[in-house]
Amino acid sequence: DSLTEMLTFENLGSNHEYPADFIWNDGEHIDTITNVGFRLRGNTSRKAAKKSFKIEFDKFVSQHFYGLDELNINGEHNDPSIMRSKLCWDLMKMAGVESTRSNHVALYINDIFYGVYINVEHIDNTYLKTRKKDPDGQLFKCN
């Protein structure tokens, strides 16, 4: 019922985080983290048919997922190939440019397949700390 509420037209602009359980299955390992925050994310994707989501592991309980506080699950609504941003991040890494970690995922919500998405590491103070950068430096976001 929280998902239905989150996806109603009047709530598309909300950043309210709903409690959820996160299950990661990479074919070799299955990890379950309970009581994470789950919400819509993005600017243009909120009104797109294929929504993007944010998972915040420490929203309700102090916990992390492989050292991460948050994940961005991008629907790539403006890229039907679901490849452009992933290729860009991979090329940046190959060129020696620091880049966010990312991978393709099959997203299921309440056991319903929502499609192929890109799981993208959130760039925040945790990102800076793990790369031995100044966590008090400036981060900019394009809105």
Side-chain angles (χ1 to χ4, degrees), residues 2-8 11-143:
S2 297
L3 183 64
T4 301
E5 182 178 326
M6 181 190 318
L7 297 176
T8 60
N11 290 332
L12 292 181
S14 173
N15 287 332
H16 178 78
E17 293 185 77
Y18 295 88
D21 293 338
F22 174 83
I23 301 169
W24 175 270
N25 181 347
D26 65 10
E28 293 181 30
H29 304 93
I30 298 176
D31 292 313
T32 301
I33 300 176
T34 59
N35 211 17
V36 303
F38 184 72
R39 71 171 177 88
L40 290 174
R41 74 168 301 275
N43 294 318
T44 58
S45 64
R46 289 182 184 241
K47 293 186 180 170
K50 189 175 183 185
K51 308 290 188 243
S52 293
F53 301 96
K54 178 175 287 293
I55 299 167
E56 188 171 343
F57 297 105
D58 62 351
K59 175 64 180 176
F60 303 110
V61 178
S62 180
Q63 58 189 351
H64 295 87
F65 177 68
Y66 291 99
L68 300 174
D69 295 328
E70 302 177 25
L71 284 180
N72 296 318
I73 308 296
N74 293 347
E76 301 295 304
H77 70 280
N78 57 355
D79 176 14
S81 72
I82 316 171
M83 290 295 298
R84 291 186 292 214
S85 60
K86 174 72 172 113
L87 285 173
C88 180
W89 289 312
D90 290 349
L91 286 170
M92 288 173 62
K93 285 180 197 169
M94 285 187 257
V97 177
E98 198 166 283
S99 177
T100 185
R101 294 179 286 178
S102 63
N103 63 289
H104 286 95
V105 296
L107 179 66
Y108 290 82
I109 302 174
N110 297 331
D111 295 323
I112 298 170
F113 180 65
Y114 270 67
V116 176
Y117 283 68
I118 298 182
N119 167 28
V120 182
E121 180 181 15
H122 185 70
I123 298 176
D124 59 4
N125 286 343
T126 300
Y127 176 93
L128 295 173
K129 287 178 191 174
T130 60
R131 286 157 178 81
K132 311 249 187 291
K133 305 291 181 187
D134 180 7
D136 296 321
Q138 296 180 349
L139 288 175
F140 296 92
K141 179 179 179 179
C142 177
N143 288 316

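Quick note: numbers below take in every heavy atom, side chains included, and nothing from hydrogens, waters or symmetry partners.
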Handout entry: Among His16, Lys54, Lys59, the one residue meeting side-chain contact (heavy atoms from CB on, under 4.5 Å) with Arg39
Key =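 Of all the options given, the one that passes is Lys54.
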Hey, are the side chains of [X] and [Y] touching, using non-hydrogen atoms and a 4.5 Å cut-off?
X	Y	value
Tyr66	Arg101	no
Leu3	Asn110	yes
Thr100	Met92	no
Ser85	Ile118	yes
Ile82	Lys50	yes

Measure the [atom1]-[atom2] distance between [X] and [Y] for me, rounded to the nearest 0.5 Å.
X	Y	atom1	atom2	value
Asn15	Glu17	CG	CD	8.0 Å
Asp69	Phe57	CG	CZ	9.0 Å
Arg46	Leu40	CZ	CG	5.5 Å
His122	Asn72	NE2	CG	6.0 Å
Ile30	Trp24	CD1	CH2	12.5 Å
Phe65	Thr32	CZ	OG1	10.0 Å

How close do [X] and [Y] get, counting heavy atoms only, and between which atoms?
X	Y	answer
Ser99	Arg131	O-NH2, 3.8 Å
Ala106	Phe113	CB-CE1, 3.7 Å
Ser52	Gly75	OG-N, 2.8 Å
Phe38	Ala20	CB-CB, 3.9 Å
Gly27	Asn25	N-OD1, 2.9 Å
Ser102	Trp89	OG-CE3, 3.4 Å

Practice task
For the residue pair Asn11 and Ser14, confirm or rule out a side-chain donor-acceptor distance under 3.5 Å.
Solution key: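 No, because no side-chain N or O of Asn11 sits under 3.5 Å from a partner of the opposite role on Ser14.
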Handout entry: Set of salt bridge (Lys or Arg N to Asp or Glu O under 4.0 Å) partners for Glu56, sequence neighbours left out
Key =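 Glu56: no salt bridge (Lys or Arg N to Asp or Glu O under 4.0 Å) contacts found.
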Problem - Listed partners of Glu76 passing salt bridge (Lys or Arg N to Asp or Glu O under 4.0 Å), at least two apart - result: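 For Glu76 there are no salt bridge (Lys or Arg N to Asp or Glu O under 4.0 Å) partners, ignoring immediate neighbours.
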Exercise for the section: Using atom types as modelled and distance alone, determine if a side-chain donor or acceptor of Asn119 lies under 3.5 Å from a backbone N or O of Val105. Expected result: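 Checking the backbone N and O of Val105 against the side chain of Asn119, no donor-acceptor pair under 3.5 Å is found.
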Exercise for the section: Flag yes if more than 12 heavy atoms outside Asp21 fall under 6.0 Å of its CG atom; otherwise flag no. Expected result: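 Atom CG in Asp21 is crowded, with more than 12 foreign heavy atoms closer than 6.0 Å.
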Problem - N-O pairing of Glu121 and Lys93 below 4.0 Å - result: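 Salt bridge: no.
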Practice task
Check the pair Phe22, Gln63 against side chain to side chain contact (heavy atoms under 4.5 Å, CB included), reporting the backbone distance first and the verdict last.
Solution key: CA-CA 12 Å; Phe22 174 83; Gln63 58 189 351; over 6 Å; no
Exercise for the section: Taking the six-membered ring of Tyr114 (Phe, Tyr or Trp), confirm whether the NZ or CZ of Lys51 is under 6.0 Å from its centre and within 45° of its axis. Expected result: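 No, cation not above the ring by the 6.0 Å, 45° rule.
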